[in-house]
Amino acid sequence: MSRTKEASRLWFAGFADACCLHRVVALCLRSKKLSIRTGQCFLLNGFIFLGSIVLLKSLVIPTLEWILPENCSQITSQDSCPFSRVLRLYSFLRSALVQLFYVFWFYPLYIFSIILSTMWYNDIAKHGFAAMEEQPSNQNEAVALESTTEKENLVDLGGVMIGIGEQVYSILLLTFFFLEVYALGFVPYIGKTLSFFLLSWLYAYYCFEYKWNFTEVSLDKRLDFFQSNWAFFAGFGNPCVLASFFFSPLVGYGVMAILFPLFVLTATSSRAEQAIFSKGRKEKDAGLGRLPLFYAADTFSMWVLRLLNLESWEQVQEKKMH
């Protein structure tokens with residue numbers, strides 16, 4: 001029961017941490033560049049993308065239904081309908097015109113939004129990190145120590161290759177984890193629930209990854225810290241997923257694209273990860289225990305790396321053992 005209470009406490013702490021949007025306002029007031037980038041995300045994904053969906057459903061489709069009616073009663077008052085073939089033609093034309101709207105506007109805009117937003121998210125995290133208040137001295141020292149260690153490990157050509165191997169492994173890991181989330185969504189009865197929680201962890205990891213990149217936290221430390229504090233990150237990711245989980249895919253993407261920068265900034269200004277620097281490993285591991293969230297994704301990732309004869313990640317593990 002004590003473990004359940006601890007898990008609930010950490011989950012609530014993560015949920016509350018994600019909802020601290022006042023920190024976003026404070027960071028935007030300190031940085032003009034951050035305000036501009038955040039505003040651009042709102043403009044592209046909110047006003048243009050979601051606005052286009054609202055325009056389609058509230059204006060374009062009703063106009064097409066008026067020009068190309070779907071019911072015989074809109075054409076004639078007779079009980080029998082002599083225009084059934086015409087109505088079928090109208091239905092085909094309406095569907096074709098709506099599909100053209102998707103093909104030539106929504107789908108290109110969707111791809112454009114993904115590419116541009118991905119670049120903007122990194123800028124938002126960078127400007128948010130720069131706008132943060134000065135960190136406590138003990139964390140500064142720990143971050144500096146971590147950064148120094150990382151830089152010492154990456155000074156030679158072998159270190160550069162190891163860094164590239166980490167990036168390749170990270171991309172594969174998150175890709176397979178996303179595919180795992182997608183596949184579990186089709187499991188009867190429990191699929192949606194499992195997908196919801198795994199997607200919460202995925203979004204939480206994405207949000208904190210920007211800050212961990214700037215503080216140069218090594219990949220194995222990120223994964224260990226994340227999986228050792230799984231309850232907190234489940235809580236942090238829940239608001240991200242709740243905001244878009246019950247919408248259609250396009251609307252859900254638009255909502256998430258608006259809110260994701262805000263959660264990135266709350267993660268950037270969060271103090272939750274101080275435990276990775278300030279507490280001993282035994283003290284940290286004495287809590288709920290490590291949950292192997294990425295076990296399946298890690299297995300597939302290592303299989304692909306061995307298949308492609310990429311041994312950089314194995315070199316990372318060997319180097320850390322010496």
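Numbering of residues begins at 1 and proceeds along the displayed sequence. Values reported hereafter were calculated over all heavy atoms of this structure, with side chains retained and with hydrogens, waters and symmetry mates removed.
Hydrophobic clustering of Ile, Leu, Val, Met, Phe, Trp and Tyr side chains at less than 4.5 Å, counting indirect connections, unites L259 with I48. By the rule that hydrophobic residues join a cluster once side-chain heavy atoms approach within less than 4.5 Å of another member, Y182 and F176 end up as members of separate clusters.
Every side chain to side chain donor-acceptor pair (under 3.5 Å) that S117 has, sequence neighbours left out, goes to N45. Applying the side chain to side chain donor-acceptor pair (under 3.5 Å) test to S200 and every residue at least two apart in sequence or in another chain returns N238.
Annotation: side chain of F42 is in contact with side chain of T38 (closest heavy-atom distance under 4.5 Å). The closest side-chain heavy-atom distance from R30 to H127 is not below 4.5 Å.
Across A297 and F177, no two heavy atoms sit closer than the pair CB-N, 3.7 Å.
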- Checking ring pair (Phe, Tyr, Trp, His ring centres under 6.0 Å) for the pair Y210/Y121: CA distance, chi angles, key distance, verdict? CA-CA 9 Å; Y210 290 98; Y121 294 155; 7.1 Å; no
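Remark: F300 CZ is loosely packed, at most 12 non-hydrogen atoms of other residues, nucleotides or ligands lying under 6.0 Å away.
Using the six-membered ring where Trp is involved, F49 and Y253 have ring planes that are perpendicular, over 60° apart on the 30 and 60° scheme.
In summary, the side chains of R23 and T266 do not present any donor paired with an acceptor at a separation below 3.5 Å, with no hydrogens or angles considered. Using a 3.5 Å distance cut-off with no hydrogens or angles, the side chains of N213 and R222 do pair a donor with an acceptor.
Residue F233 forms a ring-ring contact (aromatic ring centres under 6.0 Å, His included) with just one option from F263, F208, W11, and that option is F208.
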